[in-house]
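These values consider heavy atoms only, across backbone and side chains, with no hydrogens, waters or symmetry-generated copies.
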Amino acid sequence: MTIRIACLQLDIAFGDPQTNEQRAETAVQSAANEGADIVVLPELWTTGYDLTRLDEIADDDAARAKAFASRLAQTYGVHFIAGSVAKKTAAGVTNTMIVADRSGQIVSEYSKLHLFQLMDEHLYLQPGNALGLFSLGGLSCAGVICYDIRFPEWIRVHALAGAEALFVVAEWPLPRLHHWRTLLMARAIENQCYVIACNRAGSDPNNVFAGHSLIIDPWGEIIAEADEKPGVLLADIDPALVKEVRARIPVFADRRPRDYDEAAKKFFKTY
């Protein structure tokens, strides 16, 4: 059984949720017309990195984003990984991924754990503290956000919990395109899972973004890759390949977590 994935590589209008919702719905409709089963949006797709105005434009409890995701999932009959949005809470604003299944039910919210200081996230956002695990149509999934992919220990926790597909939503800058591609391939190889990574296109007042959304198989082979322009990236994945790869090279069975812990206690003050 194959699953058709669509990464919606949008050019995000800076600080303009209404325009971005219009662009997103047009792209979702296009992907649905191409037979997509799972549709993915980029990081902070409603606002971009307009962080200084979050008090004004952040989404209270992500209610607007959740309603949008639910409506589009039902209307177009797709599972919808609705990127991430600036979610306003009593404790501050989080960078939160929203996931809806094709019935419109919100099945996951994941708030970015690792805040990226080079883009001032630590000044305006609060980190999350929970795993990004969910299931869509029988596919065991994990969701993470941009900078999270530089922390392989965090991704490995999700793989150990059974994730067969890792969904990454991002606003990754063009100067570090090589890192983007390399890190994503590494996360696929070491965790023997699909990696579906949706980046944004275009620019904002401070950054030019890389695009190059990627769909990578559990061997680390790139199935599909976008260029730097806005567009819809489509590819089919087969979850059976995850089990095949994990059986061929039994990385998870060969792990030595007790030895890792003992070595860490012996040689490092903190772990």
Side-chain angles (χ1 to χ4, degrees), residues 43 84 89 91-97 99 108-135 139-173 175-197 199 210 214-222 239 241-271:
E43 177 185 18
S84 72
T89 74
V93 179
T94 57
N95 182 348
T96 301
M97 177 186 287
V99 181
S108 178
E109 293 184 46
Y110 165 74
S111 294
K112 189 175 187 178
L113 178 63
H114 302 95
L115 301 182
F116 190 49
Q117 295 188 43
L118 288 183
M119 292 175 72
D120 290 339
E121 288 187 348
H122 63 301
L123 301 179
Y124 299 98
L125 298 170
Q126 298 297 315
N129 58 9
L131 292 172
L133 295 167
F134 56 96
S135 179
L139 180 68
S140 296
C141 305
V144 297
I145 301 173
C146 204
Y147 189 42
D148 284 332
I149 66 170
R150 289 189 182 270
F151 300 87
E153 61 271 42
W154 184 234
I155 308 304
R156 174 53 60 89
V157 171
H158 292 79
L160 290 172
E164 301 167 301
L166 175 70
F167 290 89
V168 181
V169 302
E171 291 206 26
W172 197 278
R176 290 181 291 280
L177 173 59
H178 173 65
H179 290 190
W180 167 252
R181 299 178 81 255
T182 304
L183 289 165
L184 291 168
M185 286 187 282
R187 299 297 83 87
I189 293 167
E190 69 199 9
N191 294 295
Q192 300 175 313
C193 67
Y194 282 100
V195 171
I196 297 100
N199 197 24
L214 288 160
I215 301 173
I216 304 169
D217 78 10
W219 289 116
E221 299 291 337
I222 295 173
L241 182 60
V242 176
K243 295 179 177 62
E244 178 185 328
V245 172
R246 289 178 176 177
R248 288 275 300 277
I249 305 178
V251 168
F252 294 96
D254 291 340
R255 292 179 69 251
R256 301 289 295 268
R258 181 177 299 176
D259 292 316
Y260 309 154
D261 290 341
E262 289 301 317
K265 290 174 185 176
K266 182 176 180 180
F267 294 107
F268 303 103
K269 293 181 180 179
T270 59
Y271 177 59

| To the nearest 0.5 Å, what is the distance between CD (Q192) and CG (L241)? | 10.0 Å
| More than 12 foreign heavy atoms under 6.0 Å from CZ of R248: is that the case here? | no
| Atom CG of N129 with >12 non-hydrogen neighbours under 6.0 angstrom | no
| said: Applying ring-ring contact (aromatic ring centres under 6.0 Å, His included), can you list everything that pairs with Y147, at least two apart in sequence or on another chain? | reply: F116, F151
| task | Any chance you could measure K112, atom NZ, to Y110, atom OH, to the nearest 0.5 Å? | result | 8.5 Å
| query | Given R246 and C193, is the side-chain contact (heavy atoms from CB on, under 4.5 Å) satisfied, shown in steps? | reply | CA-CA 9 Å; R246 289 178 176 177; C193 67; 3.8 Å; yes
| said: Run V245 and W219 through side-chain contact (heavy atoms from CB on, under 4.5 Å) and show every step you take. | reply: CA-CA 7 Å; V245 172; W219 289 116; 3.4 Å; yes
| For E171 and C146, which heavy atoms make the closest approach, and how far apart are they? | N-SG, 3.7 Å
| task | Only one of T96, N95, L115 passes side-chain contact (heavy atoms from CB on, under 4.5 Å) with I145; say which it is. | result | N95
| query | What is the minimum heavy-atom distance between E121 and H114, and which atoms define it? | reply | OE1-O, 4.0 Å
| query | From M185 CE over to L183 CG, what is the distance, rounded to the nearest 0.5 angstrom? | reply | 9.5 Å
| query | Looking only at heavy atoms, what is the nearest atom pair of F134 and A142, with distance? | reply | CE2-C, 3.9 Å
| said: Are the side chains of L184 and I149 in contact, using a 4.5 Å heavy-atom criterion? | reply: yes
| message | To the closest 0.5 Å, what do you measure between CD (E109) and OG1 (T94)? | response | 8.0 Å
| task | Please report the closest heavy-atom contact between P152 and E190, naming both atoms and the distance. | result | CB-OE2, 3.5 Å
| said: Could you report the tightest heavy-atom contact between H158 and W154, atom names first, then the distance? | reply: ND1-O, 2.9 Å
| Roughly how far apart are Y194 OH and D217 CG, rounded to 0.5 Å? | 6.0 Å
| pair I222-R181: side-chain heavy atoms closer than 4.5 Å | yes
| Any idea which heavy atoms bring A159 and N191 closest together, and the distance? | CB-OD1, 3.4 Å
| field | Interatomic distance, R256 atom CZ to D261 atom CG [nearest 0.5 angstrom] | value | 12.5 Å
| said: Determine whether a donor-acceptor pair (N or O, by modelled atom type, separation under 3.5 Å) exists between the side chain of E164 and the backbone of L139. | reply: no
| task | Could you tell me which residues satisfy side-chain contact (heavy atoms from CB on, under 4.5 Å) with P257, sequence neighbours excluded, listed by chain and number? | result | R255, Y260
